[in-house]
Student: 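Here it is: the structure, laid out below.
Reckoned from all heavy atoms, side chains included, excluding hydrogens, waters and symmetry mates. A note on names: the letters A, B, ... follow the listed sequences, proteins ahead of strands, and every chain is numbered from 1.
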Amino acid sequence: MQKASVLLFLAWVCFLFYTGITLFTSGFLLTRLELTNHSSCQEPPGPGSLPPGSQGKPGACWMASRFSRVVLVLIDALRFDFAQPQHSHAPGEPPVSLPFLGKLSSLKRILEIQPHHARLYRSQVDPPTTTMQRLKALTTGSLPTFIDAGSNFASHAIVEDNLIKQLTSAGRRVVFMGDDTWKDLFPGAFSKAFFFPSFNVRDLDTVDNGILEHLYPTMDSGEWDVLIAHFLGVDHCGHKHGPHHPEMAKKLSQMDQVIQGLVEHLENDTLLVVAGDHGMTTNGDHGGDSELEVSAALFLYSPTALFPSIPPEEPEVIPQVSLVPTLALLLGLPIPFGNIGEVMTEVFSGGEDSQPLSSALAQASALHLNAQQVSRFLHTYSAATENLQAKKLHQLQKLFSKASADYQWLLQRPKGAEATLPTVIAELQQFLRGARAMCIESWARFSLVRMAGGAALLAVACFICLMASQWAISPGFPFCPLLLIPVAWGLVGAAVYAVLLGTIELKLDLVLLGAVAAVSSFLPFLWKAWAGWGSKRPLATLFPIPRPVLLFLLIRLAVFFSDSFVVAEARATPFLLGSFILLLVVQLHWEGQLLPPKLLTMPRLGTSATTNSPRHNGAYALRLGVGLLLCTRLAGLFHRCPEETPVCNSSPWLSPLASMVGGRAKNLWYGACVAALVALLAAVRLWLRRYGNLKSPEPPMLFVRWGLPLMALGTAAYWALASGADEMPPRLQALVSGASVVLPRAVVGLAASGLALLLWKPVTVLVKAGAGAPRTRTVLTPFSGPPSSQADLDYVVPQIYRHMQEEFRGRLERTRSQGPLTVAAYQLGSVYSAAVVTALTLLAFPLLLLHAERISLVFLLLFVQSFLLLHLLAAGIPVTTSGPFTVPWQAVSAWALMATQTFYSTGHQPVFPAIHWHAAFVGFPEGHGSCTWLPALLVGANTFASHLLFAVGCPLLLLWPFLCESQGLRKRQQPPGNEAEARVRPEEEEPLMEMRLRDAPHHFYAALLQLGLKYLFILGVQILACALAASILRRHLMVWKVFAPKFIFEAVGFIVSSVGLLLGIALVMRVDGAVSSWFRQLFLAQQR
Amino acid sequence: MKDTDIKRLLYTHLLCIFSIILSVFIPSLCLENFSLLETHLTWLCTCSGFVTAVNLVLYLVVKPNASSKRSSLSHKVTRFLKCCIYFLMSCFSFHVIFVLYGAPLIELALETFLFAVILSTFTTVPCLCLLGPNLKAWLRVFSRNGVTSIWENSLQITTISSFVGAWLGALPIPLDWERPWQVWPISCTLGATFGYVAGLVISPLWIYWNRKQLTYKNN
C-alpha cells in the first residue's frame, strides 16, 4: 500500500509539473499547421467566373498582370516613424530633431511631387517580430508562429505556398541580394543571388555595401523580373547603438540615397516596394509585440500613375501581409494558398483617370478573388486541424457566402451596380478582416495570463517538492490522506469546471482543464500542510532551503537568463560539475573525514566531537575527484557547436564512421568503439561479480552472463555493417541491407526481454540449502581475516543469518534439531542496486545503438563517471544504521548536473538543427512510411538518452552508501592484527548493506519518496527558470533562437526524466516486493 | 595573541598589496607600450616576481614562525631546493587542473602555464614561506580547526580568496561582451589577483574583529 502511495504521490507531483509546462507552453508557443497545398493558375480559388479581362491574355493568371517587374527593397527594422515625412512645425514649436527622424527625405519629395504615383503606409506587423518569421509572412501571407507544426526542423526552408515559389513556377527570374537568411528559406529558388552573412550584428556595412555593389549593375542588365534587396544596416545599427545614435542617421541617409537611385533607374512597367520587416524598441531590439516593434513602413511607387486619389494626411494603417495578395495579383500570379492578407484595393483602381464604376468593379473583383482564396484556405485548414473556433468559422462562412452571392448577382446585372458595389466591397472586406482576426487570435498572441499561470503552477510544484521532501522523512507523514485528498479534490475541480463549461457551451480546453485540476488538488494539500505543520513547529522547518547547494543552484539558474550562457552551457556545465566535485573533496577534507586524526593537532576544547574516524584515506577521495575531472574533460572532447561558426568547430568524432575516408583510421576507430563496448560490458560484469550477484542462477543474471555479450556482438556487427556498407561487394548488398534491419531490432528485442526477465525475477541471490551442520557452521561464520582465494572470489554476504535469527529464530532451532537443513543466501546486500545497474546496462545498449559509433566511448565514460561520483558521494555520507535515511542535496544536484553534462557530451545541443535525425533510421533504413510516432520515439530516445539513464539510475544515490559499507569493513579487516578482534565480535562486523533498508521499510519508502522529490525539485527549478527566462526575455533578440528552444528541450527533458525517475523507483519497489515474497517462500520452506 | 601581531600582519599585507601595484606601474617606466591587458604575459611574470620577492623578504624580516630551530647551511639549502621543487610541482598541478576544468590543451599553453604560475605565487609561495615544504602542515592548516596562529589564519583566508577569485574570473568568459579582458586567461588572472588582494585586506580585519573568539592552541 505504502509503495503504491509513494509512486502515486510522485506521479501527482509530476502531474502538477506537466500541467504547469503545458499551460505555459500553450501561452508561449502558439502552434499552426503548415499546409503544403499550392495555388495554381489553372485552378481558380472558387466557383464563379474569373474577373473580366483575365481570360485570354498572355501571362495573366487569376487576374491580368498590372506590372511585369517589381523591385522589392527590404530595409530590416525600418520602423514607420523612420520613413514618416516630417512636416514643418507650427512657428512657436521647436523642431524635434532625433537622429532617425526625417532622414528619408526622398519619400517625402516623391509623395509631394507625384501624389498619384506613390503611397506610404504604416504596416502593422504581427508578432513575433523576428526577421525569419517576418520573411515567412512577407512571402506566404500567413502568420508564422514559432513552431509551425509539420515544418522540417532540420532546415528552415519554407514548405508552404509562397510568392517566390509562385514566381519561379511562373517562369519569372528572381534575383536576390542581401541577408543570407533567404538562402535557408528558399534554397535554390533564385536565378541569381548575392548572399551576405547576417550573423554579426556589430557589422553595419558589409551587407549593405555588398548589395550596393551589385544593385545597379543588375538592374541595368535587365536579366530579372523580380529584384529583392534586403538591407541589414539599419537593424544592426539598432542592435549595436540603438535608434538614438548619430550612426542611425548615417545609415538612414544611405538608404535614402538608395531609394533615390532606384527611382531614377525604374522603367515604366516596374513597381518599387520599400518595406520594413518590423520595427524596433527604443533600445533597438525587436522580437516582441510592443507598438514600436510592430509598426513598420511600407512605401509603394510606380512610374505610372497608380492611385486614384492623393495620399491622406496621416498614412493609412494596413496589415503587413496585405502586401502578399496585392503583389501576387499585380504581377498576375495566383495568391499563395495560405495567405490571409487582404488586398490593398486602392492599387486596383486603375490610375487617376479611370471611371469610378469600373475602378470600383476592379477593386471588388480583386477582393472577391482574395476572399475566395481565404475561404478555401480556412476550409482546408479547419478540415486538417481543430484549432480554429468552430462557431466563429461558421459565422465567417455565412458572411462569405452572402458576399459572394451578392457579387455574382452584381456581375449578372451591371445596371444598378453603383448602388450595391460599396456594400459588396464592405462585406468582402468584413469577411477578410474577420478571418484574419480569427487566425491572429488562435496563432499569434502571447497569452500572458497563461504564461504567468503556467509559471506559477511550476513554482507551486517546486515548492511542494521542497516542502514534502523535508516532510517525507519525518515519522508522522500521513501518506494516504495526503494523497487521496488532493486527487479527490482535483477530480472534483475538473468535473465542476467541465460541467460549468458545458452549461455555458464553451469548448473544452484540455490544457485549462488540467490546470484547474492541478490548482484544485494542490490547494487542499497546502492547506493541510499548513494546518498540520505550521501550528506545531517554526516556519523555517516548513521551508527547508537546500543550503549546501544554494549557491550552485543559483548560479545554475542564473545561467538560463543569459543567452551567451545558454549557448555556452556545453562548456559551462562541466566547469560547474568540476567545481562541485572539487568542492566535495575539499569539504570532505575540511570536515576532517579524510585525514587520520593524529595528523591534526588537537582540536579546540569543546569541539572534540569528531570521534568518528575517517572511513577512507585522503588519497582515495582525491583520486576519485581527479578521476571524475578527467572523465568530464574527456567527455568534453565530444563537443558539438550549437551553430557552425569560425569560432566554434564541432568535434569530428561525432560523425558516424561511415563518413570517414581513411581505411586505417576507420579500422582503428572501429576497434576503439568495440573496445569501449567490451569494456562497458566487462565493467558491469566485474561489478556484479564483486558483489557476487553474478553467481546467482536467476534468469536475469543468466541473461547478463549470456545475453549481454550477445547484444554487444550484435551492436558491433551492426556498426561494422553500417560503417563499411559502401565498400561491400555488390553480391552481399542484399545480405547487408537485411542485416542492418535485423541486427538493431534484435538488440532491442534482447534488451526488452532482459528487462522483462529482470521484472519477472528481480531477486538475484544465490541460495545454498541442504548442507550439513558442520558446514553451516562455517558458512554462518562471518567472513573475516585476510581473504583466501575462494572467499575473495565469491565474497560472502551472509545476510540471511541475522534475518533468520530475528524472524525465524524458533523455526530455525526446530529445523536444526529435526535435520541438517540450513539455508545460506548470498548477495542480498546488493540486491537492489544489482537490479538497477542491470536495468541501466540493458537500457544503455539500445540507446547506444541510436548514436553514432564513437559515442560509445562517451557511454563508457558515463558509466565510469557515475560510478566514481557515487563513490565520492558515498564517502561523504555516513551510513545510518536504522533510519531515517536521507540523500543529501549535494548528491542529487551533482547527479542532475551530470545528466546535463552527458546530454552535451553525447553530441547534443538544445537547438533544433542539432537533433540527430539519423537516429530515426536505425533499424529502418527505408524510412517509416506514414508512421510518425516511431521515428519521433527513436529521435527522442537519442536526444534524451542521458536524461533517461540518469533518472532511472537515481535510486542508486540512496543505495550506494550502503554498498560502500562492505568496502569500508573489508578495508578495516585487512590488517591481520584485527583478526582476533573481528572473531570476537562477529555479529557487529557483519555488513548488512542494503538489508538495512529492508529492516526499516517505512524509512526506506520515505527515503525513496524524498529522493524522488529532491530530484524533481532540482529539475523543476530548472524548467521554472527556463520558463521565466523565456517569458521575461520575450522581447529579446535571441528569444526564438536560444530561449524558446532551450525551454522546449528542457521541458521535454523534464518529462523524460520524471518518467525515468518513476520507472527507476518502481523498479526498486518491485525488487523490494520480490525480496519480501522470497523471504516468505523461504519461511514456508523452513516450515516444511 | 596581541594587537601588535595583528598590526604586523596588516603592515606585511599592505606591503604585498603595494608590490602588486608596483608591478603594474614599474614595467611601464622601463618598457615601452606596456599595458596590463595587451602585454599581459609580461605583467604576469613581473607580478609573480614582485610578489614572490616581497613574500621572501617579509619572511626573512618578520620571521612569523620564529620557533623553528637553528639549522646548518646545507639544511637550509636543501630546504630551499625543496621549496623550489614544490613550487614547480604546484605550477604543473595547477596547469593540469586548469586543463581538466576546460582550458585548451595545446593552444595557449604558455598563457595557461603563466596563470598557473601566478596562482601558485598567490597560494603556494606564502604557504612555503610560512610552513615550509611540509605537506602535512599544509593539510592541517586547510582543515577545520587546524590553524595555530594568526599568520596561518590569514594564510588560509588569502589562499581561499585567491582560488575563489580565479574561479569567479572564469565566469564572464562566455559572455558576448567582446571585451579584451574576457580572453582566456586574463579574466582569471585578474580575478585571482583581486581575490588575493581582497584576502590580504580582509584577513587582518577579520582577525581583528574575531580576536576575542580566536584562541590558538600554541599561543
Student: Could you grab the distance from atom CD1 of Ile555(A) to atom CG of Leu168(B), nearest 0.5 Å is fine?
Tutor: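 Going from CD1 on Ile555(A) over to CG on Leu168(B), the span is 7.5 Å.
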Student: Just give me the residue among Ile97(B), Ile173(B), Asp176(B) that pairs up with chain A most often, heavy atom to heavy atom, under 4.5 Å.
Tutor: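 The option with the most such pairs is Asp176(B).
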Student: Could you look at Val99(B) and say if it's the side chain, the backbone, both or neither that has a heavy atom under 4.5 Å from chain A?
Tutor: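 Interface part for Val99(B): both.
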Student: Using a cut-off of 6.0 Å, state whether more than 12 heavy atoms not belonging to Phe561(A) lie near its atom CZ.
Tutor: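 Enclosed.
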Student: Below 4.5 Å from any heavy atom of chain B, which atoms of Thr632(A) appear? Answer side chain, backbone, both or neither.
Tutor: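 When you check distances to chain B, no heavy atom of Thr632(A) falls under 4.5 Å.
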Student: Checking heavy atoms, do the side chain of Leu576(A), its backbone, both or neither come under 4.5 Å from chain B?
Tutor: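 Contact with chain B involves the side chain of Leu576(A) alone.
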Student: Which pair of non-hydrogen atoms, one from Pro174(B) and one from Ser564(A), has the smallest distance, and what is that distance?
Tutor: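 The pair with the smallest heavy-atom distance is O-CB, 3.4 Å.
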Student: Angle between ring planes, Phe575(A) versus Tyr101(B), binned at 30° and 60°: parallel, tilted or perpendicular?
Tutor: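 Rings of Phe575(A) and Tyr101(B): perpendicular, as their planes differ by over 60°.
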Student: Give every residue pair that meets the side chain to side chain donor-acceptor pair (under 3.5 Å) criterion with at least one member in residues 181-196 of chain B, sequence neighbours excluded.
Tutor: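 As it turns out, the side chain to side chain donor-acceptor pair (under 3.5 Å) pairs with a partner in residues 181-196 of chain B, which skip direct neighbours, are His40(B)-Thr189(B), Thr112(B)-Trp184(B).
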Student: Atom OG of Ser579(A) and atom CG of Leu171(B): how far apart are they, to the nearest 0.5 Å?
Tutor: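 Rounded to the nearest 0.5 Å, the OG-CG separation comes to 8.5 Å.
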Student: Give the minimum heavy-atom separation between Ala103(B) and Arg633(A), together with the two atoms involved.
Tutor: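 So the minimum-distance heavy-atom pair works out to O-NH2, 2.6 Å.
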Student: Among Leu628(A), Leu582(A), Leu629(A), Leu634(A), which residue satisfies the side chain to side chain contact (heavy atoms under 4.5 Å, CB included) criterion with Leu100(B)?
Tutor: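 Between Leu100(B) and the candidates, side chain to side chain contact (heavy atoms under 4.5 Å, CB included) is satisfied uniquely by Leu629(A).
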Student: For Phe194(B), I'd like to know if atom CZ has over 12 heavy atoms of other residues, nucleotides or ligands within 6.0 Å.
Tutor: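 For Phe194(B), atom CZ is not crowded (no more than 12 foreign heavy atoms under 6.0 Å).
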Student: With Asp205(A), which residues qualify under salt bridge (charged side-chain N to carboxylate O under 4.0 Å, His left out), at least two apart?
Tutor: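 Once residues adjacent in sequence are excluded, the partners of Asp205(A) under the salt bridge (charged side-chain N to carboxylate O under 4.0 Å, His left out) criterion are Lys251(A).
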